[in-house]
Amino acid sequence: MQEFYNHQEIEQQTQHYWDEKQLYRITENLSKEKFYCLAMFPYPSGHLHVGHVRNYTLGDVIARYQHLKGKNVMQPIGWDAFGLPAENAAIKHNVPPAEWTYKNIDHMREQLKQLGFAYDWSREFTTCQPEYYRWEQWLFTRLVEKGLAYKKNAVVNWDPVDKTVLANEQVVDGRGWRSGALVERKEIPQWFIKITAYADELLDGLDTLEGWPEQVRTMQRNWIGRSEGLQITFPVADAAPLQVFTTRPDTLFGVSYLAIAPQHPLALASAQNNPALQKFIEECKNIEVSESALATLEKRGVNTGLTATHPLTNEEVPIWCANFVVMDYGTGAVMSVPAHDQRDFEFAQHYDLPLKPVLSANSAWDYTKTAYTERSPLINSAEFDGLAFDAAFEAIATALENKQLAERQINYRLRDWGVSRQRYWGAPIPIIYCDACGTVPVPAADLPVRLPEDVTLDGVNSPLKEIPEFYHTQCPTCGAAATRETDTFDTFMESSWYYARFASYDQNSSMLDDRAKYWTPVDQYIGGIEHAVMHLLYARFLHKLMRDEGLVQTDEPFINLLTQGMVLKDGTKMSKSKGNTVDPKLLIEKYGADTLRLFSIFTAPPEQSLEWSDSGVEGSYKFLKRLWAFSVKHQTQICSINAADRSYVNWKEQSSELQTYRRELYQILQQATFDIERLQLNTVVSAAMKLFNLLVELSHHQAKLPASEAPFVQQPVARLLNKMLVVLLRILYPITPHITTRLWKDLGYAGKMHDAYWPKMANDALDIDSINIIVQVNGKVRSKISVPAEASEDDIKALALADEKALKFIAQNTVRKVIYIPSKLINIVVSA
RNA sequence: GCCCGGGUGGCGAAAUUGGUAGACGCAAGGGACUUAAAAUCCCUCGGUAGUAAUACCGUGCCGGUUCGACUCCGGCCCCGGGCACCA
């Protein structure tokens, strides 16, 4: 062994050995339990950052641990290669997006390899390859045939100067990021997939996902936003009646106005002879598309001058046009009850609209300050007075239904998934437009629709619109000249099914095959919390679509989910724009992959954000150096112990010190096993460090012992020393696989580190003669007593009550109660 | 604005989920070794008072439940993630 820890040599040689033996190539094996471990695949932005290091280290630790437990583990890797940054880079550096992307992938692949992840590289794929995206094109054509994909108009951010559609990210303070022009809302035809048809299934499925963090399930529930309510009709003179959806029909008598979206047909019609309304609608066009922009907007509106008839009171209520009403959500019109809805309240106050309380609030309720939104019995509601929420809902619903002025309805916040992007660097939407036959999906035999890769971007239009060879085609149905769709798919399409393709990565005649049925669902999925809703919801949705095509057998794609926190430096997210990034490349050179892995696991629990610290990295490095130095020092001893015959050791006959060391070893192992099972990996490292400290202490202890007559290798202390080290190596192996693999070999342990099993507890390891009990007086720790392990509750209480220190605090007081928590504590409750 | 998290020593954190607050580590200070430095090893390390034993205070803030609260409940403050075309 080299005297000093030479991480570069160790890591290169170990990785070379893994490659040579192809240790991580995996195939289906029905005799073993499978374990599919997947960390969200990276976008090839150019360089690996420490957030990636954290993400993939977490995955690798889990994969290697599951392997030690004897599972058939698959851990694949690939590239989420389509997306906006490639187009931006193409414009900036005048290089085709494909070229830029492939170059980045080559660079990042090398960086990933240096970190020593147990990937099956033979399964690697990139989503911008036609062999991959042809299958999502195929699935999409199936959805069109099934009526689950359709085309409709939808709003986009429109830059009126550059004449281009902007992503939300490209809108800064309501203006285009390049032109600086005020962004306009523009309606264009786009493709949608009916995720709302699966809303209930996606919602109910959340209850089965017990391996997911509760917060993610809650976020998805809220995102789907199922609500039961009433769609109520308000007749309008000389116009189509207004439909509004409400979950609070109990407040119907409190309606003081209706509000419609600026894009509502009634608003547009009414604006013809209403200049003020016309102007307002124009102004509302300068709102960007994002929901947060809409929600933080100052609530404004204009009275249309029209009125609608209240369906129960027949009173005329004014119709306002308001900027906060969204056309694509619900019906584009809402009923407003200022007394019992906070947003309506604020709007009514601003425009001095009437407020009618119709719920029995506390008599002291101040309606000049805030709305009363609790569910309470009705007042001022004619025959419905006194009814509580459920009864009122029912009675009002029935009354309206009898007049055919309402329907019960279930509404979702979830909207259908718009998958059209007016961009080049994405998978072409496989649709052909024919004058005679209309919209025709590209037949399976003609797929893939290949994206031309040799292009130049001008930053305005998609190059696809300027490549006649691309968009000129024949109609597959009638053979006439026809044109292709030039929009591409949302990149969430690629990332919504890649996990399944890793099982059937080389299958060229179908999207998936039986191997996908073996490997899916993913047993452990790992990724950033920022993907809690959108990516994870779309992936769940696509899994169900694939299931309905018979391609997979389960209802959900990911059994267990670990959402890792962000990597921060100086309290903010690491990012290029903030200039606070740390380059893993330099760190790997200086400290090695094992140090980086150890640091990212040790410094914070996986789900919390991780604060980067240079001295923390140094500390992790120091630990590995100490481990190496210890091993060098004891190599001869350990090797001879490993080479010797093993005789039985009766631990009960050993010194109490030795028994204590042994018990501590197993206490630490128990903690490490408990923590790695619950994925609290930072404390697994703590356990490893504790065990190492114990090992060092034991070696000092051993040095002080008188020379024994028995040969050293047969001494119990030597056997225990060896045991501690072999447990330590296996606890550390998933986290720092290079150094442990090398030490395993150099210290003469049998077999290969890779084939070892996770250490087991010894049956008698935790047996003890006495236990320590905390003695509290009135909840404050006052003393600690040691009692025999078999002592009864009464004995322990008696001992505690007789304890000198406890007596000091009991003093003149009377003991009111004594609470005993088995094996833990006694609380003596006293008072004067 | 809405939804979801988080807040514990100088710092990263732990507390097996209502039972010893601060394990493990970093930084700092002191010491050993060394001609010296680095490396390594040993000791101290929440605050206040005290030579000490020890006592009191202490988990963002205010209040509550409990024999007992970092943990549960109510109300606030601050920080972060998401909000449908960033991925």
Side-chain angles (χ1 to χ4, degrees), chain A residues 4 40 42-43 45 80 82-85 88 156-157 165-171 190 213-216 218-223 225 289-297 299 324 342-343 413-423 490-492 495 528-535 537-538 563 565-566 568 571-573 599 602-605 607-620 622-623 625-626 629 670-671 674-675 678 680 682-683 685-690 693 696 772-781 784 816-819 821 824-830:
Chain A
F4 299 106
M40 292 178 187
Y43 176 78
S45 56
D80 186 16
F82 279 135
L84 207 47
N88 295 333
V156 291
N157 296 309
V165 176
L166 297 177
N168 285 340
E169 191 196 43
Q170 299 171 313
V171 179
Q190 308 199 57
E214 192 53 51
Q215 56 155 315
V216 174
T218 304
M219 280 190 260
Q220 294 212 353
R221 259 181 219 113
N222 293 338
W223 183 267
V289 172
S290 79
E291 189 181 299
S292 62
L294 202 69
T296 48
L297 207 66
K299 311 283 178 285
F324 58 84
Q342 191 57 27
R343 189 182 60 185
R413 206 186 77 92
L414 181 69
R415 308 197 295 260
D416 276 341
W417 178 11
V419 294
S420 295
R421 296 291 179 272
Q422 297 69 46
R423 298 191 203 298
D490 177 4
T491 57
F492 274 125
S495 56
I529 184 66
E530 66 272 22
H531 297 294
V533 177
M534 301 190 66
H535 162 62
L537 189 66
Y538 291 138
T563 51
M566 289 181 313
L568 311 175
T572 52
K573 185 178 178 171
F599 169 78
F602 177 53
T603 304
E607 306 210 305
Q608 276 182 39
S609 56
L610 180 152
E611 181 74 30
W612 186 264
S613 135
D614 294 331
S615 60
V617 177
E618 196 79 50
S620 294
K622 215 157 80 180
F623 174 73
K625 281 200 290 190
R626 289 175 64 210
Q670 190 180 39
Q671 187 216 317
F674 180 81
D675 286 344
R678 61 172 178 160
Q680 194 173 84
N682 54 326
T683 50
V685 177
S686 297
M689 288 172 168
K690 274 185 205 171
N693 291 342
V696 171
N772 291 319
I773 299 285
I774 304 301
V775 181
Q776 297 184 335
V777 178
N778 284 349
K780 287 193 176 179
V781 179
K784 290 163 197 180
R816 302 288 174 192
K817 211 196 275 186
V818 178
I819 288 152
I821 306 298
K824 275 202 178 131
L825 67 74
I826 291 267
N827 188 12
I828 302 165
V829 184
V830 302

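Quick note on labels: first sequence line is chain A, next is B, and so on, each numbered from 1. Just so you know, these numbers come straight off a predicted model, no measurement behind them.
A gap of 8 Å separates the P atoms of B:G60 and B:G9, to the nearest Å. Comparing B:C41 with B:C4, their P atoms sit 49 Å apart, to the nearest whole Å. Between B:C70 and B:U16, the two P atoms lie 13 Å apart (nearest whole Å). Remark: the separation of the C1' atoms in B:A69 and B:A21 is 12 Å, to the nearest Å. For the P atoms, the distance linking B:U17 with B:G1 amounts to 39 Å, nearest Å.
Across all strands shown, A:R343 has no heavy atoms under 4.0 Å from either base or sugar-phosphate atoms. Nucleic acid contact class of A:L294 (heavy atoms, under 4.0 Å, all strands): none. Residue contacts for A:K780: at a heavy-atom cut-off of 4.0 Å it reaches the sugar-phosphate backbone alone, with no base atom in range. As judged by a 4.0 angstrom heavy-atom cut-off over every strand, A:F623 is placed among residues making no nucleic acid contact. Contact annotation for A:R221: no contact, since no heavy-atom pair falls under 4.0 Å across all strands. Among the heavy atoms of the strands lying under 4.0 Å from A:F492 is at least one base atom, whether or not backbone atoms are also near. Looking at heavy-atom distances under 4.0 Å, A:W223 makes contact with a base. Within the nucleic acid shown, A:V533 has no heavy atom closer than 4.0 Å to any nucleic acid atom. Residue contacts shown for A:D675 are absent, as no nucleic acid heavy atom lies under 4.0 Å away. Counting any heavy atom pair closer than 4.0 Å across all strands shown, A:E291 reaches a base atom. Within the 4.0 angstrom heavy-atom criterion, no nucleotide atom of any strand lies near A:P42. Note on A:S420: a base of the nucleic acid sits closer than 4.0 angstrom, heavy atoms only. Heavy atoms of A:N682 sit under 4.0 angstrom from primed sugar atoms or phosphate atoms, though from no base atom. A:N168 comes within 4.0 angstrom of the backbone, heavy atoms only, and of no base.
For B:C85, its base sits under 3.5 Å from the side chain of A:Q190 at one donor and acceptor pair at least. With hydrogens and angles left out, the side chain of A:K824 and the base of B:U20 share no donor-acceptor pair within 3.5 Å. For A:N222 against B:C3, a side-chain-to-base donor-acceptor contact under 3.5 Å is absent.
Taking every side-chain heavy atom of A:I819 into account, B:G19 is the closest of B:A87, B:G19, B:U40. Checked against B:A87, B:C24, B:A27, the side chain of A:M689 finds its nearest nucleotide in B:C24. You'll find that the side chain of A:M219 is closest to B:C3, out of B:U16, B:A21, B:C3. In the set B:C3, B:A87, B:G19, the nucleotide with an atom closest to the side chain of A:E530 is B:A87. Closest contact between the side chain of A:T218 and the listed nucleotides B:G12, B:A27, B:C4 involves B:C4.
Pairing of B:C45, defined by two Watson-Crick or G-U wobble distances under 3.5 Å, is not identified with any nucleotide. Under the Watson-Crick or G-U wobble criterion, with both distances below 3.5 Å, B:A39 is left unpaired in every strand shown. Pairing for B:G68 is absent, judged as Watson-Crick or G-U wobble with the two contacts each under 3.5 Å. Pair assignment for B:G63: B:C73, on the basis of Watson-Crick or G-U wobble contacts that are both within less than 3.5 Å. Pair check for B:U20 finds none; no Watson-Crick or G-U wobble contact set falls under 3.5 Å. B:C83 is paired with B:G1 under the criterion used here, namely a Watson-Crick or G-U wobble arrangement in which both key atom distances are under 3.5 Å. Pair assignment for B:G25 gives B:C11, based on Watson-Crick or G-U wobble hydrogen-bonding distances that are each under 3.5 Å.
Contact check, A:N827 against B:U66: no side-chain N or O comes under 4.0 Å of OP1 or OP2. OP1 or OP2 of B:C67 has at least one side-chain nitrogen or oxygen of A:K817 nearer than 4.0 Å.
A salt bridge is absent between A:K625 and A:E618; no separation between the charged side-chain nitrogens and carboxylate oxygens falls under 4.0 Å.
Put simply, CD on A:Q215 is 17 Å from C1' on B:C2, counting in whole angstrom units. Atom CD in A:E169 sits roughly 10 Å away from atom C1' in B:C85 (whole-Å rounding). Protein atom NZ of A:K622 is 10 Å distant from nucleotide atom P of B:G25, rounded to whole Å. Here the P atom of nucleotide B:A69 and the CD atom of A:Q776 are 9 Å apart, to the nearest Å.
In this structure, A:W417 and A:Y538 have parallel ring planes: the angle between them is below the 30° cut-off, well short of the 60° mark.
To the nearest 0.5 Å, the span separating CG on A:L825 from CD1 on A:I773 amounts to 7.5 Å. With rounding to the nearest 0.5 angstrom, the CZ atom of A:F492 is 10.5 Å from the CG atom of A:L537.
Between A:Q422 and A:Q608, the residue whose closest nucleotide on RNA chain B is further toward the 5' end is A:Q608. With the nearest nucleotide of RNA chain B identified for both A:G616 and A:N157, A:G616 has the one nearer the 5' end.
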